[in-house]
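Data first, discussion second: the structure below is written as structure tokens.
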Amino acid sequence: ILKMHSCGQEGTIMLKNDDKDSIFRMLYLDKKELLSLYNAVNGTHYTNSEDLEINTLQNAIYMNIKNDVSFLFNFQVNLYEHQSTVNPNMPLRDLFYVSDLLQNYVKDFDLYGRGLVKIPAPRFIVFYNGREKQPERRVYKLSDAFSKKLDEPELELMVTVLNINSGNNAELLGNCKTLREYMQYIERVREYAMQMVIEEAVERAITECIKEGILAEFLKRNRAEAIKVSIYEYNEELHLDNVRREGYEEGMAQGRAQLQELLLDILQELGDVSEELKDLIICQKDMAILSKWVKQASKSDTVEQFEKNI
């Protein structure tokens with residue numbers, strides 16, 4: 001994730017070129033916007049954004065893990081992340097990340113003394129806006145990943161995932177103008193990208209959003225970087241979709257091959273299998289039919305009986 005490290009004149013966000021960023025992260029490194037998001041998530045009405053301390057780690061990379069925004073506020077350390085892909089491993093990722101954060105937090109305290117060292121309470125939120133249909137709200141638990149299930153895990157970490165796609169979490173989006181407009185912008189990019197090349201889609205979405213007052217000031221100040229980041233984000237999202245689709249298709253192909261091999265093994269134990277029947281089995285791509293044929297072959301006494309029943 002591209003590191004946000006300083007602001008130039010007129011609040012323009014400067015980005016390093018050797019990493020990547022996200023529009024979400026660019027938006028919420030603004031303390032006022034981040035406080036607004038915090039209030040919307042928690043149903044609070046705090047107004048002093050200077051009480052909020054952004055403490056996103058700038059150089060923490062572990063297994064390519066980084067966090068969009070982390071901040072201290074109201075005796076909590078809050079880790080916020082936006083994702084366009086489903087990731088049940090977020091509790092483990094956040095465990096690594098929050099460990100680094102807390103290590104920095106207590107570095108000047110004596111952890112070997114008799115006094116209890118107090119730490120801020122961690123809170124983990126993911127804002128999901130992917131294309132895959134997901135529930136409005138879900139909670140991932142670290143203990144779900146344990147090889148052995150325990151009634152009372154001695155280590156637990158819970159990540160709340162909030163679906164911010166259209167039709168979900170209307171109250172949250174209604175209470176946070178920037179989050180709502182962020183999704184309106186993302187939806188336009190996706191819509192236009194289906195009609196034209198991504199570069200033109202992003203340009204059109206940004207021009208329209210500025211004209212209609214959707215993230216207008218942010219997009220005007222950061223137009224060049226927003227274009228670059230939006231193109232990168234869209235291409236990354238498309239790439240991940242393709243990888244998942246290819247992985248699914250590869251898995252299906254392997255599953256079909258295994259069923260075909262199993263079916264032929266069963267039939268060959270029953271007798272001679274004709275080339276015609278072999279071709280029929282090899283050409284069958286429907287997993288449900290292949291599974292049905294395997295069950296039928298298991299109940300048949302001869303190859304002829306199997307052929308008759310299918």
Side-chain angles (χ1 to χ4, degrees), residues 1-8 11 13-42 44 46-83 87-127 139-146 150 152-162 229:
I1 291 174
L2 204 155
K3 291 191 275 280
M4 309 297 298
H5 53 99
S6 66
C7 292
I13 298 174
M14 306 299 293
L15 297 108
K16 288 182 64 178
N17 293 324
D18 55 347
D19 286 309
K20 60 171 183 169
D21 212 326
S22 70
I23 296 295
F24 181 92
R25 181 173 160 87
M26 291 171 66
L27 282 168
Y28 289 111
L29 286 180
D30 181 305
K31 285 188 176 184
K32 291 182 179 179
E33 299 295 354
L34 188 54
L35 182 59
S36 172
L37 181 59
Y38 176 91
N39 283 332
V41 168
N42 294 282
T44 52
Y46 294 104
T47 57
N48 189 2
S49 61
E50 291 307 310
D51 290 340
L52 183 152
E53 178 187 343
I54 295 176
N55 63 348
T56 308
L57 296 177
Q58 294 299 306
N59 300 307
I61 302 178
Y62 181 78
M63 295 170 59
N64 203 30
I65 294 167
K66 295 201 77 176
N67 175 257
D68 280 338
V69 183
S70 64
F71 61 100
L72 288 166
F73 185 72
N74 196 26
F75 305 105
Q76 292 179 322
V77 55
N78 302 271
L79 277 72
Y80 285 2
E81 183 159 341
H82 123 275
Q83 285 189 343
N87 190 340
N89 297 306
M90 281 307 301
L92 187 57
R93 290 179 55 183
D94 277 340
L95 176 63
F96 294 141
Y97 193 89
V98 78
S99 296
D100 281 346
L101 278 178
L102 293 178
Q103 187 173 10
N104 279 349
Y105 184 81
V106 302
K107 63 183 179 182
D108 296 325
F109 292 87
D110 180 8
L111 298 183
Y112 298 93
R114 294 176 59 87
L116 179 65
V117 174
K118 296 293 187 79
I119 59 174
R123 183 92 192 277
F124 308 94
I125 304 289
V126 169
F127 300 92
V139 176
Y140 287 127
K141 296 182 179 180
L142 180 65
S143 59
D144 292 338
F146 294 170
L150 304 172
E152 296 183 7
E154 295 182 7
L155 177 64
E156 186 61 282
L157 187 153
M158 294 186 291
V159 177
T160 300
V161 182
L162 301 174
V229 169

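Just so it is clear, the model here is predicted, and its values are computed rather than measured.
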For Tyr140, the ring-ring contact (aromatic ring centres under 6.0 Å, His included) test, sequence neighbours excluded, returns none
When rounded to the nearest 0.5 Å, the distance separating CE of Met158 from OG of Ser143 is 9.0 Å
Taken in chain and number order and not counting sequence neighbours, the residues that satisfy side chain to side chain contact (heavy atoms under 4.5 Å, CB included) with Glu50 are Lys31, Asn48
Hits for ring-ring contact (aromatic ring centres under 6.0 Å, His included) against Phe127, two or more places apart or cross-chain, chain-then-number order -> Phe24, Tyr80
In short, side chain to side chain donor-acceptor pair (under 3.5 Å) pairs touching residues 109-127 with sequence neighbours left out are Asn42-Arg123
Between the NZ atom in Lys32 and the OG1 atom in Thr47, the distance rounded to the nearest 0.5 Å is 11.0 Å
Value for CD1 (Ile125) from CE (Met90), rounded to nearest 0.5 Å, stands at 11.0 Å
dist Leu157:CG -> Leu95:CG (nearest 0.5 Å) comes out at 6.0 Å
Tightest non-hydrogen contact, residues Lys141 and Pro91, listed as C-CG, 3.8 Å
Taken in chain and number order and not counting sequence neighbours, the residues that satisfy side chain to side chain contact (heavy atoms under 4.5 Å, CB included) with Ser36 are Cys176
Contacts of Asn39 meeting side chain to side chain donor-acceptor pair (under 3.5 Å) (sequence neighbours excluded), chain-then-number -> Thr44
Tyr46 meets the ring-ring contact (aromatic ring centres under 6.0 Å, His included) criterion, sequence neighbours left out, with Phe73
CG of Leu52 to CG of Leu34, rounded to nearest 0.5 Å, is 5.0 Å
### 4.5 Å side-chain heavy-atom contact, Tyr105 and Leu101
no
Residue set satisfying side chain to side chain contact (heavy atoms under 4.5 Å, CB included) with Val117, at least two apart, ordered chain then number -> Val106, Phe109, Leu111
Between Thr56 and Ser70, the two heavy atoms sitting closest are OG1-N, 3.0 Å
Check your understanding: Heavy-atom distance under 4.5 Å between the side chains of Asn55 and Val77, does that happen here?
Key -> yes
Residue set satisfying side chain to side chain contact (heavy atoms under 4.5 Å, CB included) with Glu53, at least two apart, ordered chain then number -> Leu72
Shortest non-hydrogen pair, Met26 vs Val229, comes out as SD-CG2, 3.9 Å
When rounded to the nearest 0.5 Å, the distance separating CG of Asp68 from CD1 of Ile23 is 11.5 Å
message: Side chains of Gln76 and Tyr38: any donor to acceptor distance under 3.5 Å?
response: yes
